[in-house]
Amino acid sequence: MKNVIHTDKAPAAIGPYSQAISVGDMVYTSGIIPVDPATGVIPDGATAQADQAFRNLTNLLEAAGTDASRVIKTTVFISDMNEFANINEVYAKYFPEPYPARSCVEVARLPKDVCLEIECIAVK
């Protein structure tokens with residue numbers, strides 16, 4: 001049985017989807033973008049946006065009853081591969097070793113023209 005996960009500490013869905021779904025001990029998040037859920041503000045620059053997006057993801061994982069140490073796979077979408085090192089530096093602050101498996105792809109455009117979006121799969 002699937003359960004909807006929702007928190008006000010991460011941006012609300014801007015379409016017909018859930019922030020996250022849990023099935024058994026697994027948690028699947030939707031893509032999380034760097035919008036401050038309290039103000040709707042998007043920070044300037046890839047580093048600040050990465051910090052906000054990963055903070056939002058951490059809050060969503062907490063609402064699901066898990067945390068970043070239990071993430072097994074992430075997918076990071078970035079709009080400029082030249083920002084990879086900056087985003088990677090922030091990523092390493094949020095995910096402890098052993099790091100999750102990860103894909104990182106450059107895309108032409110992201111919702112609200114943000115620099116990155118992240119989704120993950122975690123265990124409870």
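We use all heavy atoms of the structure for the numbers below, so side chains are in, but hydrogens, waters and symmetry mates are not.
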Worksheet item: So, K9 versus T58: side-chain donor-acceptor pair below 3.5 Å or not?
Response: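 There is no such pair between these side chains.
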Practice prompt. Consider only side-chain N and O atoms of E83 and N86, and report whether a donor and an acceptor are under 3.5 Å apart.
Written response: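 Yes, a side-chain donor-acceptor pair sits under 3.5 Å.
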Should [X] and [Y] count as side-chain neighbours, where that means a heavy-atom distance under 4.5 Å?
X    : Y    : value
Q49  : S79  : no
E106 : D80  : yes
E119 : S30  : no
T74  : Y99  : no
L61  : V71  : yes
L57  : C120 : yes
I78  : I87  : yes
P34  : E117 : no

Worksheet item: Is the count of non-hydrogen atoms from other residues, nucleotides or ligands lying under 6.0 Å from D113 atom CG greater than 12?
Response: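 Yes, enclosed.
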Discussion item. Tell me whether the count of non-hydrogen atoms from other residues, nucleotides or ligands lying under 6.0 Å of CD in E89 goes above 12.
Written reply: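 No, CD of E89 has 12 or fewer neighbouring heavy atoms, counting only those of other groups under 6.0 Å.
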Discussion item. Using side-chain contact (heavy atoms from CB on, under 4.5 Å), reason through T66 and V123 one step at a time and then give a plain yes or no.
Written reply: CA-CA 7 Å; T66 190; V123 293; 5.5 Å; no
Fill in: Trace of the side-chain contact (heavy atoms from CB on, under 4.5 Å) decision for D67 with E62
CA-CA 6 Å; D67 60 47; E62 183 178 297; over 6 Å; no
Would you say [Y] ends up clustered with [X] if hydrophobic residues are merged whenever their side chains have heavy atoms under 4.5 Å apart, either directly or through other cluster members?
X    : Y    : value
L116 : I33  : no
F95  : V90  : yes
V114 : V41  : no
V76  : L110 : no
F54  : F84  : yes

What heavy-atom pair brings [X] and [Y] nearest, and what distance separates the two atoms?
X   : Y   : value
I32 : A53 : CG2-O, 3.7 Å
N56 : P37 : OD1-CD, 3.5 Å
Q52 : P43 : CB-CG, 3.9 Å

Working to the nearest 0.5 angstrom, can you tell me the gap between [X] [atom1] and [Y] [atom2]?
X    : Y    : atom1 : atom2 : value
K73  : S103 : NZ    : OG    : 3.0 Å
I5   : Q19  : CD1   : CD    : 9.5 Å
I121 : T75  : CD1   : OG1   : 7.0 Å

Worksheet item: Does the cation-pi check pass for R102 over Y91, that is, NZ or CZ under 6.0 Å from the six-membered ring centre and within 45° of its axis?
Response: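 R102 over Y91 ring: yes.
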